[in-house]
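For the numbers below, each heavy atom of this structure counts, side chains included, while hydrogens, waters and symmetry mates do not. Predicted model, so just to flag it, every value in this text is computed and none were measured.
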Number of protein chains: 2
Amino acid sequence: MYRAVIESSEHPTADTVYQTVRKQCPDISLGTVYRNLGRLVECGAIRKIGVSDGSDRFDGTLAEHYHLLCSGCGCVADIQLPELGKQIRQVGRESGLEIQGYELIIHGLCKDCVQKQIKENE
Amino acid sequence: MYRAVIESSEHPTADTVYQTVRKQCPDISLGTVYRNLGRLVECGAIRKIGVSDGSDRFDGTLAEHYHLLCSGCGCVADIQLPELGKQIRQVGRESGLEIQGYELIIHGLCKDCVQKQIKENE
DNA sequence: TCCAAAACAATAATGATTATCATTTCTATA
DNA sequence: TATAGAAATGATAATCATTATTGTTTTGGA
């Protein structure tokens with residue numbers, strides 16, 4: 001039920017999920033959304049993207065990938081970096097660390113905003 | 001003045017800096033610490049490490065490196081991943097993005113906590 | 001049907017950070 | 001040296017996302 005919401009939308013924040021779900025269940029509370037999103041994260045159905053300077057976002061795509069947070073339009077774009085996980089695990093092995101997880105957030109402009117900027121400068 | 005504090009300590013939070021500076025200037029306010037740390041970040045003298053599930057931390061080392069946030073003792077260890085910046089810039093070029101910055105936080109156990117764990121299991 | 005456990009809505013609490021505002025401290029120039 | 005204007009500061013309030021609490025409602029099994 002929530003899963004559909006999350007997988008359909010693009011990296012929504014808890015509040016965005018709340019607004020969406022409210023269309024179907026107008027009496028749902030924000031606390032319930034947080035609680036259930038937390039549960040879905042806990043059981044591995046979705047993933048939480050911790051953005052340090054903003055609200056956390058949720059992602060239904062479990063395959064390894066990273067995120068670009070666009071400072072132009074605020075969207076979150078997927079980024080493929082197939083070697084990163086391998087590299088981090090290797091550093092962990094070499095340095096005697098235990099890697100439990102990692103999050104990479106790239107800040108910048110998405111493809112559309114870059115295009116927009118180019119047009120403005122013409 | 002602040003710089004010394006920051007460079008001496010190990011990735012302190014704003015509050016840690018506040019506690020440290022208070023020993024010299026007992027009347028300084030937390031707001032001033034935040035303000036001046038922000039200024040130092042703005043002019044590039046130090047760097048802010050945005051930890052999504054906790055307080056931000058500040059780092060006087062400007063050379064490219066990343067961080068492991070230890071879930072055992074709460075310390076922050078430096079991690080070298082010399083290829084990461086290059087890879088991100090390459091992806092940016094290939095995908096038509098403008099990269100403005102990026103932050104990688106690794107969660108896990110530091111060397112000491114791994115050792116501690118091994119001893120406990122003996 | 002009944003009862004315990006789980007889920008819920010509403011709201012309060014928390015914690016880090018930022019904004020506000022009145023006051024103090026610099027700074028440069030006459 | 002005096003002084004006006006700018007910048008910095010301390011104290012405190014405000015903000016924002018998230019979590020905790022509490023009392024009520026729903027649910028599923030005996």
side-chain N/O A:Ser29 vs C:dA10 OP1/OP2, d < 4.0 Å:
no
Starting at [atom1] of [X] and ending at [atom2] of [N], how long is that distance when rounded to a whole Å?
X       : N      : atom1 : atom2 : result
B:Glu42 : D:dA7  : CD    : P     : 14 Å
A:Asn36 : D:dT19 : CG    : P     : 13 Å
A:Phe58 : D:dA17 : CZ    : P     : 13 Å
A:Ile28 : C:dA10 : CD1   : P     : 11 Å
A:Leu37 : D:dA17 : CG    : C1'   : 13 Å
A:Asp53 : D:dT15 : CG    : C1'   : 16 Å
A:Asp27 : C:dT11 : CG    : P     : 12 Å

Just by distance, with hydrogens left out, do A:Gln100 and A:Tyr102 show a side-chain donor and acceptor under 3.5 Å apart?
no
Give the B/S/- string for nucleotides 15-25 of chain C, one per nucleotide from 5' to 3', where a protein heavy atom under 4.0 Å of the base yields B, of only the sugar-phosphate yields S, and otherwise -.
-SSB-------
Apply the side chain to side chain contact (heavy atoms under 4.5 Å, CB included) test between A:Phe58 and each candidate in A:Ile46, A:Thr13, A:Ile49; give the one that qualifies.
A:Ile46
N-O pairing of A:Lys86 and A:Glu83 below 4.0 Å
yes
A:Glu64 side chain vs A:Gly85 backbone, donor-acceptor pair below 3.5 Å
yes
Heavy-atom side-chain contact between B:Val114 and B:Asp112 under 4.5 Å
no
Ring pair (Phe, Tyr, Trp, His ring centres under 6.0 Å) contacts in which one or both residues fall within residues 67-88 of chain B, not counting sequence neighbours:
B:His11-B:His67, B:His65-B:His67
